[in-house]
Engineer: 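Have a look at the structure that comes next, please.
Chain naming here is simple, since letters A, B, ... match the order of the sequence lines and numbering starts at 1 in each.
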Amino acid sequence: MPIALVDGNNFYVSCERVFDPSLEGRPVIVLSNNDGIAVARSEEAKALGIRMGEPFFRIRDLVRREGVRVFSSNYPLYADMSRRMNETLARFSPEVEVYSIDESFVGLGGFRRRELVAYARDLRATMKTWTGIPVAVGIGPTKTLAKLANRCAKKMPGFDGVCDLTDPAPRARILPTVPVAAVWGIGPAATLRLAQLGVRTAADLRAMPPELARRILTVAGARIVRELNGDSCLDLDLLPAPRKGTAVTRSFGRPVVAWTDMEEAVSAFAARAGEKLRAQGLAAAHLAVFMHTHRFNRDPAYANVRAANLVPATDDTFALVGAAVRAARAIWRDGFRYTKAGVVLADLVPRARVAPDLFARGADGRAARLMAAMDALNARMGRNTVFPASAGLARPWKIRAERRSARYTTSFAELPCVAAR
DNA sequence: TCTGGGGTCCTAGGACCC
DNA sequence: TCTGGGGTCCTAGGACCC
């Protein structure tokens, strides 16, 4: 069955452009949390030489000189635009696998080959009209080839956003022009090892004996070789698999030096982690807290992590906050400038399968009702309408986000205004 | 002189993805 | 001065079992 990969072009930038047409045709970048690095660039910004992951402070001058428009990340907006994209895709196929915030695989069984490209063009145009997001569509007999086709649709002139590699003939033409590092699943380490064997292009990799691929790149590599040959090894996952772990980690807006600030931060992270658990109907049996000082400067360095078992497994914010603060207290050392900390939950199990503990907090169901009430208030009135007091009000450690656009689609207070005269 | 074979489970670390 | 956050999978090696 042919598989399409539909991918939003420069997704975060495209989301910003939907609500501010003056950004069209201009260099635009979106920054990571804490305004640290560039995580999305418009084509114009790429042309200026701004790289993926480039630290913002290093391109300040360039940004000013060239009039680059800069945005902090606005995840509520991007997540909602992503949801709209997938709703649109659902009109085109019953088989959609949401792969990431800006990419989905789409099953295209039942089409004749010559219909595929026309259908993909229709999908692309509809997506632009309905959501405002420009997408590229890559089609292939396997996920790996669909990914590769998607890259060609975006990068190579002449495709105009749709590339079909279902037939062997265009594959034979295109694979030799694709560097092996651009193949899905081939990272920097594999690229290096392959280069030593003279394997430089996707075509070279495709021609590799499976046994050799297995030895050099382990089972994942052997699978990639088969997929490049049109032999499908990766099925569409139509139902998202349950999470195995979840984490809330942040760099601080400025270094934390006081325990009370760290306690607030860790409480807030644990509370957020609890919300994520409950949203997915999960409970955690294992929790870890880490904190560390700056990685790049010469401040005295300290890093540590402390784990704890949660018995019974829980999704209760106050149980999580308590365990997280205890773990943090155990590794806290005075006299350091902490720049990052996080709460990591693992061993997630379905909430409904946790055996109740007669003596645990909330055995009478009151804690669960409290959580439900908190979640309902925060959903209706906005995040952090209610939160544990230990998470604090001042939050001096909060991330920087100085250039955030409005949450146009998820907050009534921030709806875009339109005037006609 | 000669010192087995086959499992499972857990964890840490590496690699990769967006 | 200023360098993100959140995931998954695989392997090797140790501990333990019979």
Engineer: Is any side-chain heavy atom of A:Arg124 less than 4.5 Å from a side-chain heavy atom of A:Val162?
Structural biologist: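 Answer yes - side chains close enough.
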
Engineer: Between A:Arg254 and C:dT1, does any side-chain N or O lie under 4.0 Å from OP1 or OP2?
Structural biologist: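 Answer is no, no contact under 4.0 Å.
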
Engineer: B:dC17 phosphate, OP1 or OP2: any side-chain N/O from A:Lys147 under 4.0 angstrom?
Structural biologist: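 No, because none of the side-chain N or O atoms of A:Lys147 sits under 4.0 Å from OP1 or OP2 of B:dC17.
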
Engineer: How is A:Ile186 classified with respect to the nucleic acid when contacts are heavy atoms under 4.0 Å: base, sugar-phosphate, or nothing?
Structural biologist: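 Sugar-phosphate, no base atom in range.
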
Engineer: Output the rounded distance in Å from CG (A:Asn9) to C1' (B:dC18).
Structural biologist: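 Rounded to whole Å, this separation is 15 Å.
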
Engineer: What is the distance, to the nearest angstrom, from the CG atom on A:Asp347 to the P atom on C:dG7?
Structural biologist: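 In whole Å, C:dG7 P lies 15 Å from A:Asp347 CG.
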
Engineer: Can a side chain N or O of A:Lys276 be found less than 4.0 Å away from OP1 or OP2 on C:dG7?
Structural biologist: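 Yes, within the criterion.
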
Engineer: So what does A:Arg214 touch, heavy atoms closer than 4.0 Å: a base, only the sugar-phosphate, or nothing?
Structural biologist: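 The answer is sugar-phosphate, as A:Arg214 gets under 4.0 Å only of primed atoms, P, OP1 or OP2.
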
Engineer: So what does A:Phe296 hit on the nucleic acid, given a heavy-atom distance under 4.0 Å: a base, only sugar-phosphate, or nothing?
Structural biologist: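 Base: the residue A:Phe296, judged by heavy atoms under 4.0 Å, touches a nucleobase.
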
Engineer: Checking all strands, does A:Glu103 fall into the base, sugar-phosphate, or nothing category for heavy-atom contacts under 4.0 angstrom?
Structural biologist: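 If one applies the 4.0 Å heavy-atom cut-off, A:Glu103 turns out to touch the sugar-phosphate alone, with no base involved.
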
Engineer: Please check the phosphate of C:dG6 (OP1 and OP2 only) for any side-chain N or O of A:Arg250 closer than 4.0 Å.
Structural biologist: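 So the side chain of A:Arg250 is within the cut-off, an N or O lying under 4.0 Å from OP1 or OP2 of C:dG6.
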
Engineer: Would you sort out whether A:Tyr338 and A:Trp397 count as a ring pair (Phe, Tyr, Trp, His ring centres under 6.0 Å), showing the intermediate values?
Structural biologist: CA-CA 10 Å; A:Tyr338 296 90; A:Trp397 41 269; over 10 Å; no

Engineer: Hey, does A:Val117 have a side-chain heavy atom less than 4.5 Å from the side chain of A:Arg121?
Structural biologist: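 Side-chain contact under 4.5 Å: yes.
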
Engineer: Do you see a donor-acceptor pair shorter than 3.5 Å between the side chains of A:Asp35 and A:Ser72?
Structural biologist: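 Judged by distance alone, the side chains do pair up.
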
Engineer: Got A:Leu320 and A:Leu345 here, is their nearest side-chain heavy-atom distance under 4.5 Å?
Structural biologist: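 In short, these two side chains touch, coming nearer than 4.5 Å.
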
Engineer: Check every atom of B:dC18, C:dC2, B:dA15 against the side chain of A:Ala189 and return the nucleotide holding the closest atom.
Structural biologist: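 The answer is B:dA15.
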
Engineer: By nearest nucleotide on DNA chain C, pick out whichever of A:Phe57 and A:Gly245 is the more 5' one.
Structural biologist: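 The residue closer to the strand's 5' end, by nearest nucleotide, is A:Phe57.
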
Engineer: Whole angstrom is fine here: how far is it from CZ in A:Phe269 over to C1' in C:dG6?
Structural biologist: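 After rounding, the gap between these two atoms is 14 Å.
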
Engineer: Do the two ring centres, one from A:Phe92 and one from A:Trp130, sit under 6.0 Å apart?
Structural biologist: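 No.
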
Engineer: Between A:Tyr12 and A:Tyr75, is the ring centre distance below 6.0 Å?
Structural biologist: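 That pair passes the under 6.0 Å test.
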
Engineer: Answer with base, sugar-phosphate or nothing: what part of the nucleic acid does A:Ala190 contact at a heavy-atom distance below 4.0 Å?
Structural biologist: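 Sugar-phosphate only.
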
Engineer: Provide, to the nearest angstrom, the distance between the CZ atom belonging to A:Arg223 and the C1' atom belonging to B:dC17.
Structural biologist: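 Distance, rounded to whole Å: 13 Å.
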
Engineer: Roughly how many Å is it from CZ in A:Arg51 to P in C:dG4, rounded to a whole number?
Structural biologist: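 Rounded to the whole Å, the gap is 15 Å.
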
Engineer: When you match A:Asn34 and A:Ala220 each to their closest nucleotide on DNA chain C, which lands nearer the 5' end?
Structural biologist: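 It is A:Asn34 whose nearest nucleotide is closer to the 5' end.
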
Engineer: Closer than 4.0 Å, any side-chain N/O of A:Arg400 to the OP1 or OP2 of C:dT1?
Structural biologist: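 False: A:Arg400 side-chain N/O out of range (4.0 Å or more) of C:dT1 OP1/OP2.
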
Engineer: With respect to the phosphate group of C:dG7, does any side-chain polar atom (N or O) of A:Thr246 fall under 4.0 Å of OP1 or OP2?
Structural biologist: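 Yes, within the criterion.
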
Engineer: Mind calculating the distance between CZ (A:Phe290) and P (C:dG5) to the nearest angstrom?
Structural biologist: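 Rounded to whole Å, this separation is 8 Å.
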
Engineer: Would A:Trp184 pass as stacked on B:dC17, i.e. its ring centre under 5.5 Å from the base's six-membered ring centre and planes under 30° apart?
Structural biologist: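 By the stated criterion, A:Trp184 and B:dC17 do not stack.
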
Engineer: Classify the nucleic acid contact of A:Val305 as base, sugar-phosphate or nothing, counting any heavy atom under 4.0 Å across all strands shown.
Structural biologist: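 No contact at all - A:Val305 keeps every heavy atom at 4.0 Å or more from the nucleic acid.
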
Engineer: What integer distance in Å separates A:Leu234:CG from C:dC10:P?
Structural biologist: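 Going from CG in A:Leu234 over to P in C:dC10 covers 10 Å.
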
Engineer: My understanding is that a pair needs two contacts under 3.5 Å, Watson-Crick or G-U wobble. By that rule, which nucleotide pairs with B:dC10?
Structural biologist: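 Checking every strand shown, B:dC10 finds its partner in C:dG13, with both distances under 3.5 Å.
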
Engineer: I want to check one thing: is the phosphate of C:dT3, taken as OP1 and OP2, less than 4.0 Å away from some side-chain N or O of A:Lys340?
Structural biologist: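 False: A:Lys340 side-chain N/O out of range (4.0 Å or more) of C:dT3 OP1/OP2.
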
Engineer: Let me know the distance between CD of A:Glu97 and C1' of C:dG7, rounded to the nearest Å.
Structural biologist: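 Going from A:Glu97 (CD) to C:dG7 (C1'), I get 14 Å.
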
Engineer: NA contact type, A:Arg243, heavy-atom cut-off 4.0 Å: base, sugar-phosphate, or nothing?
Structural biologist: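 If one applies the 4.0 Å heavy-atom cut-off, A:Arg243 turns out to touch the sugar-phosphate alone, with no base involved.
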
Engineer: Considering only B:dC16, C:dT3, C:dT11, which nucleotide approaches the side chain of A:His294 most closely?
Structural biologist: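 In terms of side-chain proximity for A:His294, the closest of B:dC16, C:dT3, C:dT11 is C:dT3.
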
Engineer: Classify A:Asp102 by what it touches in the nucleic acid, base, sugar-phosphate, or nothing, heavy-atom distance under 4.0 Å.
Structural biologist: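 Sugar-phosphate: the residue A:Asp102, judged by heavy atoms under 4.0 Å, touches backbone atoms but no base.
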
Engineer: Of the options C:dT3, B:dC18, C:dC10, whose atoms approach the side-chain atoms of A:Ser100 most closely?
Structural biologist: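 The listed nucleotide nearest to A:Ser100's side chain is B:dC18.
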
Engineer: Respond yes when some side-chain nitrogen or oxygen of A:Thr249 is under 4.0 Å from OP1 or OP2 of C:dG6, and no when none is.
Structural biologist: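 It does, given that an N or O in the side chain of A:Thr249 lies less than 4.0 Å from OP1 or OP2 of C:dG6.
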
Engineer: Determine, using ring centers only, whether A:Tyr302 and A:Trp332 are less than 6.0 Å apart.
Structural biologist: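 Here the rings of A:Tyr302 and A:Trp332 have centres that are no less than 6.0 Å from each other.
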
Engineer: What interatomic distance, in whole Å, is found between P of C:dC18 and the corresponding atom of B:dT3?
Structural biologist: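 Straight-line distance between the two P atoms is 25 Å.
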
Engineer: Think A:Ser251 has a side-chain N or O under 4.0 angstrom from the OP1 or OP2 of C:dG5?
Structural biologist: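 So the side chain of A:Ser251 is within the cut-off, an N or O lying under 4.0 Å from OP1 or OP2 of C:dG5.
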
Engineer: OP1 or OP2 of C:dG4 sitting under 4.0 Å from any side-chain N/O of A:Arg295?
Structural biologist: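 For C:dG4, OP1/OP2 do have a side-chain N/O of A:Arg295 under 4.0 Å.
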
Engineer: Counting heavy atoms from C-beta on, name the nucleotide in B:dC16, C:dG4, C:dG7 closest to the side chain of A:Pro188.
Structural biologist: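 The answer is B:dC16, which lies nearest to the side chain.
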
